[in-house]
2 protein chains.
Amino acid sequence: MLKLSRLTDYAAVVMAQIARHPQQAHAAAELAEAVQLPHPTVSKTLKMLVKAKLLVSQRGAQGGYRLARPASQITAADIIAAIEGPVAMTECSQAEGDCELAATCGVADNWQRVSLAMRTLLESVTLSHLADTTPIKLPVQLPIQSVSVAAVSA
Amino acid sequence: MLKLSRLTDYAAVVMAQIARHPQQAHAAAELAEAVQLPHPTVSKTLKMLVKAKLLVSQRGAQGGYRLARPASQITAADIIAAIEGPVAMTECSQAEGDCELAATCGVADNWQRVSLAMRTLLESVTLSHLADTTPIKLPVQLPIQSVSVAAVSA
DNA sequence: TTATACAGGACTAAAATGGTACCCAATTAA
DNA sequence: TTAATTGGGTACCATTTTAGTCCTGTATAA
């Protein structure tokens with residue numbers, strides 16, 4: 001289905017929740033309550049988001065989580081990458097040629113182009129967009145005509 | 001990683017292989033040899049592609065698999081859907097509201113828009129493109145500015 | 001009629017995913 | 001200084017998904 005994992009979905013929801021009240025720190029328990037998900041799971045998700053530098057945390061009483069940068073500078077691709085790793089459609093489109101089928105494959109290059117277009121799309125959607133309850137108007141025309149595979153395969 | 005499953009990857013490679021020689025019927029064993037993958041696995045993949053009406057099969061001696069329609073009319077989205085089911089980023093973007101968290105979620109609509117844009121992108125890539133060894137120039141500018149969620153949520 | 005080749009389903013093994021629990025570290029406030 | 005609060009890290013387990021294999025049946029062509 002080319003689906004996001006459930007944790008990624010949670011991450012997006014939680015990030016959006018924080019983005020709607022960016023001033024205050026949000027405790028894991030409070031967020032879990034707000035989004036109606038089990039506390040330990042939300043907590044795990046938050047930790048991953050901190051590790052990915054999308055959130056900053058403050059321990060102790062009155063502590064909690066805040067956005068590491070403005071919601072407009074956090075993208076859907078960032079959130080997905082935080083939980084699932086970098087966006088890449090195929091094994092071979094993420095790392096250097098560790099696919100020994102490359103010779104017989106014949107579609108690798110083109111998948112990489114598609115992959116890159118997907119990533120560009122996901123990078124054009126920010127947390128502000130996701131958190132907003134009004135519909136996104138995706139602002140950019142994707143530069144897919146000029147996609148180069150160099151940056152991917154290198 | 002938002003990655004295709006391995007079987008989907010195989011499916012694309014096999015489809016491309018058939019697309020390069022569209023006149024003749026291709027036996028599973030022959031294809032397995034050509035793409036250097038185990039026969040039973042390729043066979044399973046082929047069966048799924050037949051079920052999805054992307055290939056037609058012919059039993060008996062000299063039988064095998066052929067494209068059900070021209071490569072230019074088979075899209076990446078078709079191939080992915082054949083193996084993984086319909087392209088949808090989140091649980092709730094595929095079926096009717098079977099997500100009881102919708103109330104607290106607050107990002108469902110926007111994920112659906114993103115989902116739709118992804119699908120549009122994948123529908124713009126055909127098997128001809130994938131099978132071609134020269135780089136794709138993705139031909140369409142995505143109509144993402146005018147994306148409506150109606151078709152998805154309905 | 002026999003060899004070829006797909007159809008369908010059952011089965012198993014392995015891996016990813018999701019969820020939980022536990023204990024430690026840091027901070028704050030009484 | 002101590003207690004309460006809150007995140008950090010790790011390890012573990014259950015479940016689901018994925019991948020791969022095998023077996024038996026059926027259609028077709030020579």
Side-chain angles (χ1 to χ4, degrees), chain A residues 1-14 18 24-68 80 82-85 88 90-91 94 101, chain B residues 1-14 18 24-68 80 82-85 90-91 94 99 101:
Chain A
M1 294 203 221
L2 208 72
K3 199 167 48 181
L4 299 178
S5 85
R6 220 185 300 185
L7 284 184
T8 308
D9 210 347
Y10 298 167
V13 174
V14 167
I18 297 175
Q24 72 219 61
H26 301 262
E30 173 213 321
L31 290 167
E33 171 62 23
V35 302
Q36 286 291 294
L37 291 170
H39 179 180
T41 300
V42 170
S43 187
K44 186 179 186 177
T45 308
L46 289 165
K47 287 170 198 171
M48 289 193 256
L49 291 167
V50 169
K51 192 174 284 179
K53 307 263 176 74
L54 302 186
L55 293 177
V56 290
S57 62
Q58 169 88 32
R59 292 188 182 186
Q62 312 307 315
Y65 296 91
R66 289 171 213 266
L67 298 184
I80 294 171
I83 310 294
E84 312 192 13
T90 55
E91 292 291 345
Q94 47 174 332
L101 297 174
Chain B
M1 295 205 217
L2 207 71
K3 199 167 49 178
L4 299 178
S5 85
R6 219 183 302 184
L7 284 185
T8 308
D9 210 345
Y10 297 167
V13 174
V14 168
I18 297 174
Q24 71 218 63
H26 301 264
E30 173 214 320
L31 291 167
E33 171 61 23
V35 302
Q36 286 292 295
L37 290 170
H39 178 181
T41 300
V42 169
S43 187
K44 186 179 186 175
T45 308
L46 289 165
K47 286 172 197 172
M48 289 193 257
L49 291 166
V50 169
K51 193 175 283 179
K53 305 264 175 73
L54 301 186
L55 292 178
V56 290
S57 62
Q58 169 88 29
R59 293 188 182 185
Q62 311 307 315
Y65 297 91
R66 290 169 212 266
L67 299 184
I80 294 170
I83 310 293
E84 312 193 13
T90 56
E91 290 291 345
Q94 46 173 332
C99 173
L101 298 173

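Throughout, a chain's letter reflects where its sequence line sits, starting with A, and its residues are numbered from 1.
For the pair A/H39 NE2 and C/dT20 P, the interatomic distance rounds to 12 Å; values are reported in whole Å. Regarding A/Q62, its CD atom lies at a distance of 14 Å from the C1' atom of D/dG7, rounded to whole Å. Atom CE of A/M48 is separated from atom C1' of C/dT17 by 10 Å (rounded to the nearest Å). At whole-Å resolution of the value, CG in B/L37 and P in D/dG20 are 8 Å apart. Note: CZ (B/R66) to P (C/dA5) measures 13 Å, nearest angstrom. Going from atom CG of B/L2 over to atom P of C/dA16 covers 17 Å, rounded to whole Å. Between the C1' atom of D/dT17 and the NZ atom of B/K3 lies a distance of 14 Å, rounded to the nearest Å. Taking atom CD1 on B/I83 and atom P on D/dA19, their separation rounds to 10 Å, with Å as the unit.
Residue A/Y10 has a polar side-chain atom (N or O) positioned under 4.0 Å from OP1 or OP2 of C/dG19. Here B/S43 does not reach the OP1 or OP2 of C/dC6: none of its side-chain N or O atoms lies under 4.0 Å away.
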B/V56 vs B/V50, test: side chain to side chain contact (heavy atoms under 4.5 Å, CB included). Steps then yes/no.
CA-CA 6 Å; B/V56 290; B/V50 169; over 6 Å; no
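A distance-only check finds no donor-acceptor pair linking the side chain of B/E84 to the backbone of B/L4 [under 3.5 Å].
With hydrogens and angles ignored, no donor-acceptor pair under 3.5 angstrom links the side chain of B/R6 to the base of D/dA19. Put simply, the side chain of A/K47 and the base of D/dG9 share a donor and an acceptor less than 3.5 Å apart.
Atom-to-atom distance recorded for A/M48:CE and A/K44:NZ is 5.5 Å, nearest 0.5 angstrom. Distance check, rounded to the nearest 0.5 Å: CG of B/L67 to CG of B/L54 gives 9.0 Å. Rounding to the nearest 0.5 Å places CG of B/L55 at 13.5 Å from NZ of B/K47.
Between B/L31 and the options B/V13, B/I18, B/L37, B/T45, a side-chain contact (heavy atoms from CB on, under 4.5 Å) holds for only B/I18.
Of the candidate nucleotides C/dT28, C/dT17, C/dT4, C/dT4 has the atom lying nearest to any side-chain atom of B/A61. Comparing atom distances between the B/S57 side chain and each of C/dA7, D/dG8, C/dT20 picks out C/dA7 as nearest. Between D/dT21, D/dA29, D/dG8, one nucleotide has an atom nearer to the side chain of B/Q58 than all others, and that is D/dA29. Comparing D/dT5, C/dG19, D/dG25 against the side chain of B/R59 picks out D/dG25 as the nearest. When distances are taken from the side chain of B/K44 to each of C/dA7, D/dT21, C/dT20, the shortest belongs to D/dT21. The side chain of B/S5 approaches D/dA19 more closely than any other nucleotide in the set C/dA7, D/dG8, D/dA19.
Each of A/T8 and A/G60 lies near DNA chain C, and the nucleotide nearest A/T8 is the one positioned closer to the 5' end.
Contacts of A/A28 with the nucleic acid, taken as non-hydrogen atoms under 4.0 Å apart, involve only primed sugar atoms and P, OP1 or OP2. Residue B/L46 is classed as having no contact, given no heavy-atom separation below 4.0 Å to the nucleic acid.
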